[in-house]
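Keep in mind that the numbers below use all heavy atoms, side chains included, and drop hydrogens, waters and symmetry copies.
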Amino acid sequence: GTGYGGDSSFTTRTPQPDTTVIVAKNGSGSYTTVQAAFRAVPAGYTGKWTIFVKKGIYYEKDTLAAGKVNVALIGEHRDSTVITFDDYGDKYGSGNPGTNGSFTLAIDASDFTAKNITIQNTYAPQTGVSGTQAVALRTQGDRHEYINCNLLGYQDTYYTWGGSGAGRMYHKNCLIEGTVDFIFGRNICVFDSCTIREIRHGGTLTAAATDAPSQFGYVFRNCIIRADSIGYDGKPITTFHLGRPWQNSPRTVFLKSQEPWNLNAAGWMSWNVTPGLYGEYKCSGAGAATAPRVSWSSQLTDSAAAKYSLTNIFSKNSASSNLILFDWMPASASKADDQTVVTSVKHEREEGVVPAAYTLSQNYPNPFNPSTTIRFAVPARSAVRIEIFNVLGQIVTTVADGEFEAGMHRVVWNAETASGMYLYRITAVSMKDPGTKFTETRKLLLVR
């Protein structure tokens, strides 16, 4: 063809080699602190920079600066590799560091992955103290993945900040807990097969601040919503809400998630703004909507829910942000994850079957690669926990943790671990008679 205009030439950068460094408190690695490892990351590095953190409690306040891209923070074990601090919003009595600066871990760079690690802020709200917001994780940038992580705290645990513009965040098989508005902010976030745990009476799970042009805000898919019977402060938890609208035009939906009995029948609270969309779709459990929620929330139709695939949510056209320049699919997401409200760990109940006793069936298929189904039965509404262990007795993941109605149930484990023999254990406690407890352990074999 015929070209018009001037010629332009440029040279792309040669990809740099993938690099792995080790953080160990005992000095056996490259660094003794996570922050030292963050400081050593070259800005604009084009290879993958992996920071492997050995087991231990790392008491430090850490920031991964903007521009330090392509970093993966991998813990040796989710529950035994802990980054923790205890800052809070008005610690110095002058609004400093404020909510934004109260974090334990701040990720300001794009293309970041965290896996198998706990991020915690231990500061608990104190009577007579103002400004007790205490953030465990604060995020900005685009294309973050958090896989099998614990985000632990009280008020304002997870700040999906988006200070440099709305970014996209993907969470899979994570535990996030707190008291009030403990998942809040501007970023576009998907929570796949996560456990969201309320630990205070009268709390709220979310306080989104979705940009008005964004089609999606917070999307919870196949999650377990859990509220303790007794809160962290010793008071019974008899009510809590899914969220309240904080800023801008917040959009939050819960799709095929389990909702416990102490979820308030209204579902949602009003606050500072009118929400863009607060909705649910085919949620289950004793707290699921059997009566009308507040008038400004909705139960989504099948056609509306069908839009919530990862392809749509993470499309470059789903939001107006200076950070979102191209379509994105998280590396940890499978083809099943990309389908609407279908994830690697899912729960299904077989309708019309009420068993006479607790049972745990052998997984099928067995051996398997990479996914297998675990079936179990509960004769009455029960608190059920199913955990996967390696042969050393170390916990690998939790595939069920919540309240289940009487019936036959099944969960699917999509393993991301090495080949070998594993154990799966069920612990079930009757909600009507806490003295009735059932536990059983079986073996399963993963063959890659």
J.: Does a side chain donor of either Asn173 or Asn148 reach within less than 3.5 Å of an acceptor in the other side chain?
T.: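 Result is no, nothing qualifies.
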J.: Just checking, any donor-acceptor pair under 3.5 angstrom between side chains of Thr372 and Asn363?
T.: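 Yes, because at least one side-chain N or O of Thr372 sits under 3.5 Å from a partner of the opposite role on Asn363.
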J.: Is Lys256 positioned over the aromatic face of Tyr281, cation under 6.0 angstrom from the ring centre and no more than 45 degrees off axis?
T.: no
J.: Salt-bridge test for Arg226 and Glu259: reply yes if a basic N is under 4.0 Å from a carboxylate O, no otherwise.
T.: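 Looking at Glu259 together with Arg226, the answer is no, because their closest N to O distance does not fall below 4.0 Å.
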J.: Would you say the side-chain atoms of Asn248 pair up with the backbone N or O of Ala209, donor to acceptor, closer than 3.5 Å?
T.: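 At least one qualifying donor-acceptor pair exists.
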J.: So, Gln155 and Thr179: side-chain donor and acceptor under 3.5 Å apart, yes or no?
T.: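 No, no side-chain donor-acceptor pair sits under 3.5 Å.
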J.: Will you find, in the side chains of Ser164 and Gln140, an N or O donor that is under 3.5 Å from an N or O acceptor?
T.: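 Yes, Gln140 and Ser164 have a side-chain donor paired with an acceptor closer than 3.5 Å.
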J.: Could you work out, with side-chain hydrogen bond (donor to acceptor under 3.5 Å, both in side chains) as the rule, every residue matching Gln247, not counting sequence neighbours?
T.: none
J.: Among Asp156, Thr160, Asp108, which one satisfies side chain to side chain donor-acceptor pair (under 3.5 Å) with Arg138?
T.: Asp108
J.: If the threshold is 4.0 Å, N to carboxylate O, is there a salt bridge linking Arg221 and Glu280?
T.: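 Looking at Glu280 together with Arg221, the answer is no, because their closest N to O distance does not fall below 4.0 Å.
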J.: What do you reckon, is NZ of Lys55 surrounded by more than 12 foreign heavy atoms closer than 6.0 Å?
T.: yes
J.: Does Lys61 pair with Asp87 as a salt bridge, N-O distance under 4.0 Å?
T.: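 Here Lys61 pairs with Asp87 in a salt bridge, since their nearest N and O are under 4.0 Å apart.
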J.: Students often mix this up, so state it plainly: with edges at 30° and 60°, are the rings of Trp268 and Phe254 parallel, tilted or perpendicular?
T.: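 If you compare the ring of Trp268 with that of Phe254, the planes turn out tilted.
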J.: Determine, step by step, whether Val71 and Leu64 satisfy the side chain to side chain contact (heavy atoms under 4.5 Å, CB included) criterion, reporting the C-alpha distance in whole Å, the side-chain angles of both residues, the deciding distance to 0.1 Å, and the verdict.
T.: CA-CA 9 Å; Val71 172; Leu64 181 66; 4.0 Å; yes
J.: If the threshold is 4.0 Å, N to carboxylate O, is there a salt bridge linking Glu440 and Arg442?
T.: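 Yes, this pair counts.
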J.: How about Tyr232 and His201: does a side-chain donor come under 3.5 Å of a side-chain acceptor?
T.: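 Result is no, nothing qualifies.
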J.: Taking Asp111 first and then Arg143, would you say they form a salt bridge - that is, a charged N and a carboxylate O separated by under 4.0 Å?
T.: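 Yes.
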J.: Could you pull out the closest heavy-atom pair between Val273 and Pro250, with the gap in Å?
T.: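 Minimum heavy-atom contact is CG2-CD, 3.6 Å.
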J.: Using a strict threshold of under 4.0 Å (side-chain N to carboxylate O), is an ion pair present between Arg385 and Asp401?
T.: yes
J.: Between Asp192 and Asn222, is any side-chain donor less than 3.5 angstrom from a side-chain acceptor?
T.: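 Judged by distance alone, the side chains do not pair up.
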J.: Return yes if a side-chain donor-acceptor contact under 3.5 Å exists between Thr436 and Asp433, otherwise no.
T.: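 Distance-only check passes for Thr436 and Asp433.
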J.: If we check ring pair (Phe, Tyr, Trp, His ring centres under 6.0 Å) with Phe376, which of these qualifies: Tyr358, Tyr424, Phe438, Phe404?
T.: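 Of the listed options, the one satisfying the test is Phe404.
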J.: Cut-off 3.5 Å, side chains only: do Thr301 and Ser303 have a donor facing an acceptor?
T.: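 Side-chain D/A pair, Thr301 to Ser303: present.
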J.: What I want to check is whether the side chains of Asn121 and Thr84 have a donor and an acceptor closer together than 3.5 Å.
T.: no
J.: Give the C-alpha distance, both sets of side-chain angles, the deciding distance and a yes or no for ring-ring contact (aromatic ring centres under 6.0 Å, His included) between Tyr308 and Phe216.
T.: CA-CA 9 Å; Tyr308 288 87; Phe216 305 97; 5.2 Å; yes
J.: Verify the distance criterion only: is there a donor paired with an acceptor across the side chains of Asn264 and Thr239 at less than 3.5 Å?
T.: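 Indeed, the side chains of Asn264 and Thr239 share at least one donor-acceptor pair under 3.5 Å.
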J.: With respect to Phe184, which candidate in Tyr218, Trp271, Tyr159, Trp161 satisfies the ring pair (Phe, Tyr, Trp, His ring centres under 6.0 Å) definition?
T.: Tyr159
J.: Donor-acceptor check, side chain of Gln133 to backbone of Tyr88, threshold 3.5 angstrom: yes or no?
T.: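 Between the backbone of Tyr88 and the side chain of Gln133 there is no qualifying donor-acceptor contact (under 3.5 Å).
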